[in-house]
There are 2 protein chains.
Amino acid sequence: MNSCYTEIPRVKKGEVPLLPEDRAFRLATVAKALSDPIRIQMVYLLEQRSDLCTCEFEELLGLGQSKVSYHLKILLDAGIVTRETHGTWSHYRLQKSGVLDKLNS
Amino acid sequence: MNSCYTEIPRVKKGEVPLLPEDRAFRLATVAKALSDPIRIQMVYLLEQRSDLCTCEFEELLGLGQSKVSYHLKILLDAGIVTRETHGTWSHYRLQKSGVLDKLNS
DNA sequence: TTTCTTTATCAATTTTTTTTGATGAATGAA
DNA sequence: TTCATTCATCAAAAAAAATTGATAAAGAAA
């Protein structure tokens, strides 16, 4: 046996460590939150204004309220933005800066 | 009119620039490619070994061939990895390093 | 040649995500 | 109070992504 189709000795299971499951899941969650052009634009807007409410996203992006709330919630759940409520308004901010640069090149 | 529910003057359409559409789409594509724990692990493996073939991913991740090929193709299409074929083998490498650090924070 | 290995891709199904319009809660204005 | 505004969330439908098993191409081994 040991019929060798490979030029190079093949890597065996366990020889290269994996990330802990929850770590891989966390990274994937952040990436997933940024995986839509609408949410990329939302982050980009917040990089410029630091504080925007739901209705401002509606106006700046030309999208309906329901859609805007949906996408903001995904950014919120991923910990990319924070939400603060004043009266009837919800104000969103970036949790940490430079999120987009990271994806860039 | 001008009934003002806001404390602060509201941002008007066009006052804050958006990213060019294709730019936003490109960033979203990269993020989407990294939005699955399996693909996060694949990138992590390549950060350690620099060169792995499909069947090595199968072994290291404990996944079937079809699934592995599917996920590798998504990384390939997003430009995150490259593929080089030698004989019947496909060898994958990272196109650029430090992809995961970027998501980290 | 025949057989075995590696691999990509296909089609069908399941699962997840996104969109859309509607509802209702909470607050400000009149 | 009554009406208007902001907003999150719900449910249904549509769209996109992931899983699974099967097929076939191409190269290596016997």
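Convention: sequence-line order gives letters A, B, ...; per-chain numbering from 1.
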Sugar-phosphate only, base, or nothing, as touched by A:Y92 at under 4.0 Å among non-hydrogen atoms: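 Counting heavy atoms under 4.0 Å across all strands, the contact made by A:Y92 is with sugar-phosphate only.
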Sugar-phosphate, base or nothing in reach of B:S69, heavy atoms under 4.0 Å: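 Touches a base.
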Under 3.5 Å side-chain donor-acceptor pair for B:S69 and B:Q65: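 A pair is found: one side chain offers a donor N or O, the other an acceptor, under 3.5 Å apart.
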A:R93 side chain reached by A:S50 side chain, heavy atoms, under 4.5 Å: yes
Heavy-atom side-chain contact between B:L46 and B:L75 under 4.5 Å: no
B:K73, nearest nucleotide to its side chain (from C:dT27, C:dT9, D:dA8): C:dT9
Nucleotide nearest B:Y70 when distance is taken to its side chain, options C:dA26, D:dA8, D:dA18: D:dA18
Residues A:D77, A:K73: salt bridge by 4.0 Å N-O rule: yes
Between [X] ([atom1]) and [N] ([atom2]), how many Å, whole number?
X: A:W89; N: C:dA25; atom1: CH2; atom2: C1'; answer: 15 Å
X: B:I74; N: D:dT19; atom1: CD1; atom2: C1'; answer: 12 Å
X: B:E56; N: C:dT7; atom1: CD; atom2: C1'; answer: 14 Å
X: B:F57; N: C:dA8; atom1: CZ; atom2: P; answer: 11 Å
X: A:E84; N: D:dA8; atom1: CD; atom2: C1'; answer: 17 Å
X: A:K32; N: C:dT17; atom1: NZ; atom2: C1'; answer: 9 Å
X: B:D36; N: D:dA17; atom1: CG; atom2: C1'; answer: 9 Å
X: B:D77; N: D:dA18; atom1: CG; atom2: C1'; answer: 15 Å

On the nucleotide [N], are OP1 or OP2 found under 4.0 Å from the side-chain N or O atoms that [X] carries?
X: A:H71; N: C:dT19; value: yes
X: A:S90; N: D:dT6; value: no
X: B:R83; N: C:dT7; value: no
X: B:S66; N: D:dT19; value: no
X: A:K67; N: C:dT20; value: yes

Given DNA chain C, 5'-ward residue of the pair A:Q65 and A:R39, judged by closest heavy atom: A:R39
same_hphob_cluster(B:L18, B:V16) at 4.5 Å side-chain heavy-atom cutoff: yes
